[in-house]
Amino acid sequence: MAISCTPAINNLPLNRHPTPVSITVNNERYFADHPLLLQLDRCSDSTQLKQIHARMLRIGLFSDPYSASKLIQVAAYSEVSSIQYAQKVFDQIPRPNLYSWNALIRSYASSQEPVNALLIFIKMLHGSDELPNKFTFPFLIKASALLSALSVGKGLHGMVLKSEFGSDLFVLNSLIHFYGECGCFDMAYRVFMSMPKRDVVSWNSMIVGLAQGGYAEESLDLFFRMEGENVRPNDVTMIGVLSACAKNLDLELARSMHLYIRRNGIKESLVLNNAILDMYVKCGSMEDAKRLFDKMGVKDIISWTTMLVGYTKVGDFSAARSLFDTMPCQDIAAWNALISAYEQNGNPKEALATFNELQLRKEAKPDAVTLVCVLSACAQLGAIDLGGWIHVYINKHGINLNCHLTTALIDMYSKCGDLEKALEVFHSVDNRDVFVWSAMIAGFAMHGRGREAIGLFLKMQEAKVKPNSVTFTNLLSACSHSGLVDSGRGIFNQMESVFGVVPGVQHYACLVDILGRAGNLEEALDVIDNMPISAGASVWGALLGACRLHGNIDIGERACSNLLELEPQNDGAYVLLSNIYAKSGRWDKVSELRKLMRNSGIKKEPGCSLIEVDGNVHEFLVGDNTHPLSKNIYLKLDEIATRLTSVGYVPMKSQLLQLVEEEHVQEQALYLHSEKLAMAFGLISISPSQPIRIVKNLRICGDCHAAAKLISKLYNREIVLRDCYRFHHFKGGSCSCMDYW
DNA sequence: TATGGACATC
C-alpha cells in the first residue's frame with residue numbers, strides 16, 4: 001500500500017515542516033511530544049509501522065536516539081511486534097543507547113529464542129559503552145530462567161551483587177523466579193529472605209516456584225506465613241496456591257481455598273477460575289468442577305480442555321467425547337487430551353482412530369505432544385508401519401526432536417521389535433536426558449541384550465547423566481532377561497550407595513526375578529525376608545514365576561498364597577501355580593485350582609495376539625474364528641501341525657490349564673492359542689522378505705515357543721514375538737532368548 | 001521512555 005493511501009499519516013504536517021517538536025533536558029533534545037511518535041503509540045498494523053519508520057528516516061527523526069528507541073519498543077512488543085523487524089531497526093541505529101539495547105533484549109527474552117537476549121547483552125558489553133541498569137537485569141534473568149541456564153543466571157546474580165542494583169525489588173524478584181525454574185529452591189529462598197523489602201510478587205514467585213517444583217506442602221506453608229505477615233494475596237497468589245492444592249489431592253483443602261477466594265474478594269479472573277477447575281479435576285471431584293464450569297460467564301479453550309481431562313480421569317469417556325464435540329473450537333491441546341486419555345487407559349486403537357479423525361478434519365495441526373501419544377499407542381499395538389510413518393512425518397515437517405519425542409520413538413521401535421531403528425534414533429540426537437538413556441536401556445533389556453544395556457549404562461555415566469529409579473528398573477530387567485546374575489546383584493547393591501537411588505518394590509522384584517530365574521530360589525527368598533519395605537505383589541509374582549520355571553512346588557505355593565493375599569483377583573497367580581502342578585503331573589491339584597477359580601469368580605485373562613499387516617492391526621483371541629480369512633488360517637494351521645509332527649514335534653501338555661482326557665483334544669486346545677493363529681495369518685499374508693511381528697498380551701506359552709522355533713526353520717521365516725515380558729526373535733529354529741525366559 | 005509472578009495436552 002502506498003503512503004498516500006493512509007490519510008492519518010498524510011495529514012500530518014511533517015512533510016512541509018521538517019522541524020520536529022522537541023524539548024531540551026541536560027543539553028539533549030527530546031522529542032517525546034513529536035506527533036509522529038504519538039502516531040507510533042497508536043500504530044496498529046505492520047504496514048503503518050513501516051510507513052512511520054520511513055517517515056522518521058526521511059525527516060531525520062530516526063537519528064534521534066529517543067525516537068529510534070521508541071520505534072524499537074513498538075516493533076518489539078506491541079500488537080504488531082516482529083522480532084526480526086525490531087532487530088533490523090536496531091541494526092540501523094548508528095549508536096544505540098541503553099534504552100534501545102534494553103528494548104531489544106527484552107524482546108528477545110520473551111521470544112522463542114531467549115538465548116538471543118544473552119547474546120545481545122554480550123554484544124552490548126563488548127561493542128558499546130553502555131552498562132546494564134536495573135531494567136537490563138530482569139530481562140536477562142528471565143531469559144536464563146526460560147533456558148534453565150543455571151550457570152548463566154548465577155553469573156548474572158554475581159554481577160547484580162557487585163552492581164548498585166543488589167537490593168532492587170524487580171531484580172531480586174526475577175532471581176527468585178529464576179532459581180525456582182531451575183529447581184534451586186534453597187537459593188530462591190536465600191534471595192527471598194535477604195530482601196530488604198518484599199512485595200506480593202516476591203511471595204508469589206516463591207509460592208508458585210515451590211508449587212511447580214512439586215513442593216506443595218512448602219508452598220502452602222509459605223502462603224500461610226504470608227497471611228501471618230499481613231501481605232494481601234492477589235489472584236496470582238491464589239493460582240499458585242491452587243496448583244499446590246491440586247498436587248496435594250486434598251479435596252477438603254481445595255474447597256476451603258475456593259471459599260477463601262470468595263470471602264477475601266480476590267479478583268475472579270478467567271485464569272483463576274480455570275485454576276479452580278483444574279484443582280477440582282485433579283482432586284477427583286467432577287461435581288465441584290461442573291458446578292463452577294456451568295456458572296462461569298467467560299470460558300476459554302483451557303476451561304473446556306480442563307473439563308475434558310476431568311471426564312477422562314474419572315473414566316467417563318462418553319462424557320469426554322460429547323464435551324469435546326460441543327466445544328466451541330477444538331485446538332490441538334484438546335485433541336491431545338482426548339488422544340492421550342485413550343492411549344493411557346489401555347485403548348490404543350481408539351487413540352489411533354482419533355488421530356485419524358484429526359488428520360481428516362484438518363482443523364488442528366498435530367504437534368510434538370500428539371506425536372508422542374500416537375507413537376506410544378503404536379508401541380502398545382506393535383504397529384510399526386504407522387510408527388515408522390510418524391517418524392517420517394516428523395522429519396518431513398521439520399519437527400524438532402525433543403527428548404520426549406526421542407524417547408517415544410526409541411520406545412516405539414523397541415516395542416515393535418526393530419531395535420536397530422531404535423539405536424539409529426538414539427545415535428542421531430545430541431540431546432539425551434535420563435529418559436532417553438533409560439528408554440534405550442529398556443530396549444536392550446526387552447530384546448535380551450543385557451551386556452549392551454550395561455555398556456550403555458556406563459556410557460550414560462560418562463555423559464554425566466544421573467540415573468533415576470526407572471533407569472535401574474530397566475537395567476535390572478536387562479540382567480534378568482539375559483541371566484546376568486552377578487551383574488544384577490552388583491548393580492542392585494550399588495544403587496543406593498553409589499547413585500543415591502533407594503531401591504523400591506520394582507527393584508526388589510527384579511532382583512528376585514534375576515536370582516529366581518537362575519535357580520537361586522533360596523537366595524531370592526532370603527532377599528524377600530530381609531526387605532526393608534513390604535514385599536509387593538510384583539515381588540511374590542517374580543518368585544512364583546521362577547518357581548514355575550524350576551518346578552518348585554513348595555516355594556511356589558508359598559509365593560502364590562502371599563500373592564493372592566495381596567491381590568485376591570490375580571488370575572496370573574492361579575495360572576502359574578497350575579502350570580507348576582501340571583509340570584509334575586499333579587492334575588488333581590490342577591483341577592482343585594480350577595474349581596477354586598470358578599468359585600471365586602476369577603477368570604483367566606484371555607490370551608490375545610496382535611499382528612499388523614499393511615498398516616492394519618489384526619487381533620486374535622484364543623480359538624478365534626471371527627477373522628474374515630478364518631478359513632484359510634485354520635487350513636494353514638492344519639498344514640503347520642502336519643509339518644511340525646513330521647519333524648518329531650510333540651505338543652507340551654503341561655501348558656494346559658486343565659486335564660483333558662482325550663489326546664487329540666489336548667493338542668487342539670494348544671493349536672487354538674492366539675499366537676499360533678496370528679502366526680498362521682502372518683504366514684499367509686506377509687511377504688516372505690518381511691519378518692512376522694506379533695504382540696501378545698500375556699506371556700508366550702511354552703508350547704507356542706517350541707512351535708515358533710520350528711516354524712521359523714520349516715518355513716524359513718523370521719518371527720518377532722513380543723509378550724508382556726520381552727521379545728523373542730525366532731530364526732532358523734532357535735530363539736534370541738536362548739530359552740531363558 | 002520501561003520491568004516481575006499465572007490456568008489445559010506428552
Side-chain angles (χ1 to χ4, degrees), chain A residues 25 30-32 37 40-41 65-74 76-77 97-100 102-103 105-107 109-110 133-142 145 165 168-178 180-181 199-209 211-212 233-243 246 269-279 281-282 299-310 312 327 330-341 343-344 364 366-376 402-405 407-408 435:
Chain A
V25 180
Y30 289 92
F31 300 87
L37 296 188
L40 198 53
D41 278 332
Y66 175 92
S67 306
S69 301
K70 192 86 196 166
L71 184 64
I72 290 195
Q73 188 195 351
V74 175
Y77 37 81
N97 63 9
L98 183 56
Y99 188 94
S100 311
N102 282 347
I105 290 172
R106 177 191 171 192
S107 163
S110 31
N133 67 1
K134 63 170 183 169
F135 294 104
T136 323
F137 283 114
F139 304 148
L140 294 170
I141 295 167
K142 180 185 179 183
F165 314 113
D168 182 84
L169 185 64
F170 278 76
V171 173
L172 293 176
N173 283 348
S174 66
L175 278 169
I176 296 175
H177 171 74
F178 162 76
E181 282 285 293
D199 70 355
V200 66
V201 177
S202 324
W203 286 93
N204 289 353
S205 301
M206 201 65 221
I207 289 171
V208 169
Q212 290 185 339
N234 62 14
D235 51 333
V236 178
T237 321
M238 295 320 295
I239 291 164
V241 170
L242 297 179
S243 99
S269 64
L270 174 61
V271 179
L272 181 55
N273 275 332
N274 284 346
I276 302 172
L277 279 185
D278 178 56
M279 170 179 71
V281 161
K282 295 227 168 89
K299 296 169 192 159
D300 66 359
I301 185 86
I302 295 182
S303 329
W304 285 90
T305 311
T306 306
M307 292 301 286
L308 171 61
V309 169
T312 65
M327 283 171 80
Q330 294 117 341
D331 70 353
I332 191 61
W335 283 94
N336 290 347
L338 200 58
I339 293 171
S340 98
E343 175 261 307
Q344 295 196 347
D367 64 5
V369 177
T370 323
L371 300 174
V372 168
C373 297
V374 175
L375 284 170
S376 168
N402 62 22
C403 286
H404 265 300
L405 256 184
T407 304
F435 296 100

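Only this structure's heavy atoms are used, side chains among them; waters, hydrogens and symmetry mates stay out. Note that this is a predicted model, so its numbers are computed, not measured.
A:Ser340 comes within 4.0 angstrom of sugar-phosphate atoms only, judged by non-hydrogen atoms across all strands, and of no base. When heavy atoms are screened at a 4.0 angstrom cut-off, A:Asp168 is found touching no nucleic acid atom at all. The residue A:Asn133 sits close to a base: some heavy atom pair falls under 4.0 Å. The residue A:Val201 sits close to a base: some heavy atom pair falls under 4.0 Å. Residue A:Asn273 is classed as having no contact, given no heavy-atom separation below 4.0 Å to the nucleic acid. Within the 4.0 angstrom heavy-atom criterion, only backbone atoms of the sugar-phosphate kind lie near A:Lys282; the bases stay farther away. Contacts of A:Gln330 with the nucleic acid, taken as non-hydrogen atoms under 4.0 Å apart, are absent. Using a 4.0 Å heavy-atom criterion, one finds that A:Asp235 contacts no nucleic acid atom at all.
One can place CG of A:Leu172 at 14 Å from C1' of B:dG5, the figure rounded to the nearest angstrom. In this structure, A:Phe137 places its CZ atom 16 Å from P of B:dG4, rounding to the nearest Å. Taking atom CG of A:Leu405 as the reference point, atom P of B:dC10 lies 14 Å away to the nearest angstrom. Between the P atom of B:dG5 and the CD1 atom of A:Ile141 lies a distance of 12 Å, rounded to the nearest Å. Rounded to whole angstrom, the span from the CG atom of A:Asn274 across to the P atom of B:dC7 amounts to 11 Å. Counting to the nearest Å, the P atom of B:dC10 and the NE2 atom of A:His404 are 9 Å from each other. When the P atom of B:dG4 is taken as reference, atom NZ of A:Lys134 falls 13 Å away, rounded to whole Å. Atom CD1 in A:Ile207 sits about 20 Å away from atom P in B:dG4, given to the nearest Å.
Among B:dA8, B:dG4, B:dC7, the nucleotide with an atom closest to any side-chain atom of A:Ala275 is B:dC7. When the nucleotides B:dA8, B:dG5, B:dT3 are ranked by their closest atom to the side chain of A:Ala333, B:dA8 comes out on top. Side chain of A:Gln344, nearest nucleotide from B:dA8, B:dT1, B:dC10: B:dC10. Distances were taken from every side-chain heavy atom of A:Asn234 (C-beta onward) to each of B:dA6, B:dG5, B:dA2; the shortest belongs to B:dG5. Residue A:Ile239 places its side chain closer to B:dA6 than to any other of B:dA8, B:dT1, B:dA6. For A:Thr306, counting side-chain heavy atoms from C-beta on, the closest listed nucleotide (B:dC10, B:dA8, B:dA2) is B:dA8. For A:Val208, the side-chain atoms get nearest to B:dA6 when compared with the rest of B:dA6, B:dA8, B:dT3. The A:Val309 side chain lies nearest to B:dT9 when the options are B:dT9, B:dC7, B:dT1.
Judged by distance alone, the side chain of A:Ser107 and the main-chain N or O of A:Ala103 form no donor-acceptor pair under 3.5 Å.
Residues A:Ile302 and A:Leu277 form no side-chain contact, since every pair of their non-hydrogen atoms from C-beta on lies 4.5 Å or further apart. Taking 4.5 Å as the limit, some side-chain heavy atom of A:Asn173 sits within range of a side-chain heavy atom of A:Asp199. Using a 4.5 Å heavy-atom threshold, the side chains of A:Val372 and A:Asn336 count as separate. Residues A:Val271 and A:Asp235 fail the side-chain proximity criterion, which asks for heavy atoms closer than 4.5 Å.
Take A:Glu343 and apply the side-chain hydrogen bond (donor to acceptor under 3.5 Å, both in side chains) test, not counting sequence neighbours, and it matches A:Ser376, A:Gln380. Every salt bridge (charged side-chain N to carboxylate O under 4.0 Å, His left out) that A:Lys70 has, sequence neighbours left out, goes to A:Asp41.
Side-chain atoms of A:Tyr66 and base atoms of B:dT1 include no donor and acceptor less than 3.5 Å apart. A donor and an acceptor atom sit less than 3.5 Å apart, one in the side chain of A:Asn102 and one in the base of B:dA2. One donor-acceptor pair, N or O on each side, does fall under 3.5 Å between the base of B:dG4 and the side chain of A:Asp199.
Taking 4.0 angstrom as the limit, A:Ser205 places none of its side-chain polar atoms (N or O) nearer than this to OP1 or OP2 of B:dG4. A:Gln212 has a side-chain polar atom (N or O) that falls below the 4.0 Å cut-off from OP1 or OP2 of B:dC7.
The side-chain ring of A:Phe135 is not stacked on the base of B:dT3, judged by centre separation under 5.5 angstrom and plane angle under 30 degrees.
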